[in-house]
Protein chains: 2
Amino acid sequence: MAVNKKHAFAESDVALAEFAKALSHPARVAILRTLAEKKVCICGEIVEVLPLAQATVSQHLKELKNAGLITGEIEGVRSCYCIHWEHFESMLERLEQFGASLRALKPNSDCC
Amino acid sequence: MAVNKKHAFAESDVALAEFAKALSHPARVAILRTLAEKKVCICGEIVEVLPLAQATVSQHLKELKNAGLITGEIEGVRSCYCIHWEHFESMLERLEQFGASLRALKPNSDCC
DNA sequence: TGTTTATATCGCAAATATACGATGGTTTGT
DNA sequence: ACAAACCATCGTATATTTGCGATATAAACA
C-alpha cells in the first residue's frame with residue numbers, strides 16, 4: 001500500500017483489528033490452544049504439534065508475543081511460553097462486546 | 001511463503017482464523033459497525049464514513065462478502081450491503097466458544 | 001573444553017494484502 | 001440519446017506476511 005492508513009481509524013477499531021490479526025492464522029490459533037491444553041507451558045513441544053518448521057513457529061510465537069497475548073521467558077536451554085491471561089481475556093471481552101453491540105442493532109427483518 | 005500450509009491445520013482452526021482475518025483490518029471492523037448502525041443497509045455512505053478511496057472500500061466489502069459476513073445486492077444505481085447475521089453470529093459464537101474452552105483450562109497460578 | 005540441544009534471528013523467496021487512479025458498466029434523470 | 005451518479009473491477013505500486021534454511025547464541029553435559 002502506498003501509505004498505512006490505520007491511524008486514520010478509531011482507536012477501538014484498531015485495537016480490535018490487531019487482536020483479530022493475531023488470531024488470523026491457524027498456526028497461531030493452534031498455538032494458543034496448545035498452550036492452554038498443556039498446563040505446563042512448555043515450548044518446543046509446540047513445534048512438534050505444528051506442521052511447520054521451527055523457525056516459522058518461533059516467528060508466530062513472536063507475533064503472539066508482540067500482540068501481548070502470550071508471554072515468554074527463557075529457562076535454561078528451553079524457553080517457556082504462556083498465555084497472557086489478563087490481556088487475552090480483556091481482548092476477548094472487547095470482541096464479545098463488539099459482537100453484542102452489533103447484535104443489539106440487528107433488525108427484525110433483513111433488508112437484503 | 002513458498003507453499004500455503006493452511007490445509008495442514010485443523011478445520012476448526014482454519015475457520016476461526018478466517019473469521020479473524022476478516023476482522024483484522026480496522027476498515028472492516030468499521031464497516032461492520034456502520035452496517036449495523038445504519039439500519040438501512042445503505043452502501044456508498046460507507047465510503048463517506050471511511051478515510052479510504054471508493055475503490056479501496058469496495059475491495060474491503062468484497063473481502064467481507066467472501067468471508068460470508070455480509071451480503072450485497074445491486075439496487076438500481078446503488079448497491080446495498082447487509083450483515084449476514086446468520087453466519088456472523090455463528091462465527092462469533094465459535095470464537096466465544098474458543099475463548100471459553102481456553103479459559104476453562106486456565107491454571108490457578110501462572111507458571112511464567 | 002568440545003559437543004549436543006533448544007531457540008532466536010537473519011536473509012531470502014514467494015504469496016498476500018493494502019491502497020488508489022483509471023476505466024467500464026448500469027441506471028436515473030434530462 | 002446524453003449526461004450524471006454509483007459502483008465494481010483492472011492494473012499497478014508498495015508493504016506485509018508466511019515459510020524456511022542457515023547461522024548465531026547460550027545452557028547443559030560429557
Side-chain angles (χ1 to χ4, degrees), chain A residues 1-9 13-14 17-18 20-31 34-35 38 40-67 70-82 112, chain B residues 1-9 13-14 17-31 34-35 40-67 70-82 112:
Chain A
M1 56 196 127
V3 187
N4 191 328
K5 292 222 163 181
K6 288 204 172 60
H7 62 287
F9 294 90
D13 286 352
V14 174
E18 272 171 4
K21 176 176 280 182
L23 300 180
S24 73
H25 192 290
R28 294 193 288 271
V29 173
I31 286 173
T34 305
L35 282 182
K38 316 225 174 208
V40 202
C41 13
I42 313 179
C43 55
E45 292 193 325
I46 301 168
V47 175
E48 289 174 17
V49 173
L50 298 188
L52 295 173
Q54 178 263 322
T56 309
V57 172
S58 199
Q59 215 170 282
H60 282 301
L61 284 167
K62 193 179 178 182
E63 279 170 64
L64 284 171
K65 204 170 170 183
N66 285 343
I70 66 175
T71 59
E73 60 182 40
I74 299 172
E75 276 195 0
V77 174
R78 12 199 109 196
S79 63
C80 166
Y81 284 100
C82 287
C112 58
Chain B
M1 58 196 121
V3 187
N4 190 326
K5 291 221 163 181
K6 288 201 173 60
H7 62 287
F9 293 89
D13 286 351
V14 174
E18 273 171 4
F19 176 55
K21 175 174 280 182
L23 300 180
S24 73
H25 192 291
R28 294 194 288 272
V29 172
I31 287 173
T34 305
L35 284 182
V40 204
C41 12
I42 313 179
C43 55
E45 291 194 327
I46 301 167
V47 175
E48 289 173 17
V49 174
L50 298 188
L52 295 173
Q54 179 263 321
T56 309
V57 172
S58 200
Q59 214 170 282
H60 282 302
L61 284 167
K62 191 179 179 183
E63 279 170 64
L64 284 171
K65 205 170 170 183
N66 286 342
I70 67 176
T71 60
E73 62 183 38
I74 300 172
E75 277 192 2
V77 173
R78 13 199 109 199
S79 62
C80 167
Y81 285 98
C82 287
C112 57

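Values reported hereafter were calculated over all heavy atoms of this structure, with side chains retained and with hydrogens, waters and symmetry mates removed. Quick note on labels: first sequence line is chain A, next is B, and so on, each numbered from 1.
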### Task
Sequence neighbours left out, what pairs pass salt bridge (Lys or Arg N to Asp or Glu O under 4.0 Å) with at least one residue falling in residues 41-50 of chain B?
B:Lys38-B:Glu45
#### Entry: Integer-rounded Å distance: D:dT14 P and A:Lys6 NZ
18 Å
### Task
Would you mind reading off the distance between A:Glu73 atom CD and D:dA26 atom C1', rounded to a whole angstrom?
16 Å
### Query
Are any of the side-chain heavy atoms of A:Phe9 and B:Leu50 separated by less than 4.5 Å?
yes
### Message
Suppose the criterion is side chain to side chain donor-acceptor pair (under 3.5 Å): which pairs have a residue in residues 52-65 of chain B, not counting sequence neighbours?
### Response
B:Arg28-B:His60, B:Arg28-B:Glu63
### Message
I need the NE2-P distance between B:His60 and C:dA17, as an integer number of Å.
### Response
11 Å
### Message
For C:dA6 and A:Tyr81 - does any side-chain N or O of the residue sit under 4.0 Å from the phosphate oxygens OP1/OP2?
### Response
no
### Length of the CG-C1' vector between B:Leu64 and C:dA17, whole Å
14 Å
### Nearest-nucleotide pick for A:Leu52, side chain only, options being C:dA6, D:dA8, D:dG19
D:dG19
### Message
Using a 4.0 Å heavy-atom cut-off, does A:Gln59 contact any base of the nucleic acid, only the sugar-phosphate backbone, or nothing at all?
### Response
base
### Task
Please report, rounded to the nearest Å, how far the P atom of C:dT18 is from the CD1 atom of B:Ile31.
11 Å
### Message
Expressed as a whole number of angstroms, how long is the span from B:Lys62:NZ to C:dA19:C1'?
### Response
15 Å
### Query
Roughly how far, to the nearest 0.5 Å, is SG of B:Cys80 from CD of B:Glu75?
5.0 Å
### Query
A:Leu61 CG to D:dT18 C1': how many Å, rounded?
14 Å
### Task
Working to the nearest 0.5 Å, report the span between NZ of B:Lys21 and NE2 of A:His25.
7.0 Å
### Query
Rounded to the nearest 0.5 Å, what separation is found between the OH atom of A:Tyr81 and the CG atom of A:Leu35?
9.5 Å
### Query
Quick one: CD1 on A:Ile70 to CG on A:Leu61, what's the gap to the nearest 0.5 Å?
5.0 Å
### Message
D:dA8, OP1 or OP2 - any side-chain N/O from B:Ser79 closer than 4.0 Å?
### Response
yes
### Task
Assign a letter to each nucleotide of nucleotides 21-29 of chain C from its 5' end: B, base within under 4.0 Å of a protein heavy atom; S, sugar-phosphate only; -, no contact.
B-----BS-
### Message
Rounded to whole Å, please give me the gap between CD in B:Glu45 and P in D:dC6.
### Response
11 Å
### Query
B:Lys65 near the nucleic acid: base, sugar-phosphate alone, or nothing, with a heavy-atom cut-off under 4.0 Å?
nothing
### Message
So, OP1 or OP2 of C:dA17: does either fall under 4.0 Å of a side-chain N or O from A:Lys21?
### Response
no
#### Entry: D:dT17 OP1/OP2 closer than 4.0 Å to side-chain N/O of B:Asn4
no
### Query
Quick one: is B:Arg28 getting a side-chain N or O under 4.0 Å of the C:dT18 phosphate, OP1 or OP2?
yes
### Message
Does A:Ser58 reach a base, just sugar-phosphate, or nothing at all? Heavy atoms under 4.0 Å.
### Response
base
### Query
Is the distance from OP1 or OP2 of D:dC20 to the nearest side-chain N or O of B:Lys5 less than 4.0 Å?
yes
### Message
Nearest 0.5 angstrom please: B:Glu73 CD to B:Cys82 SG, how far?
### Response
7.5 Å
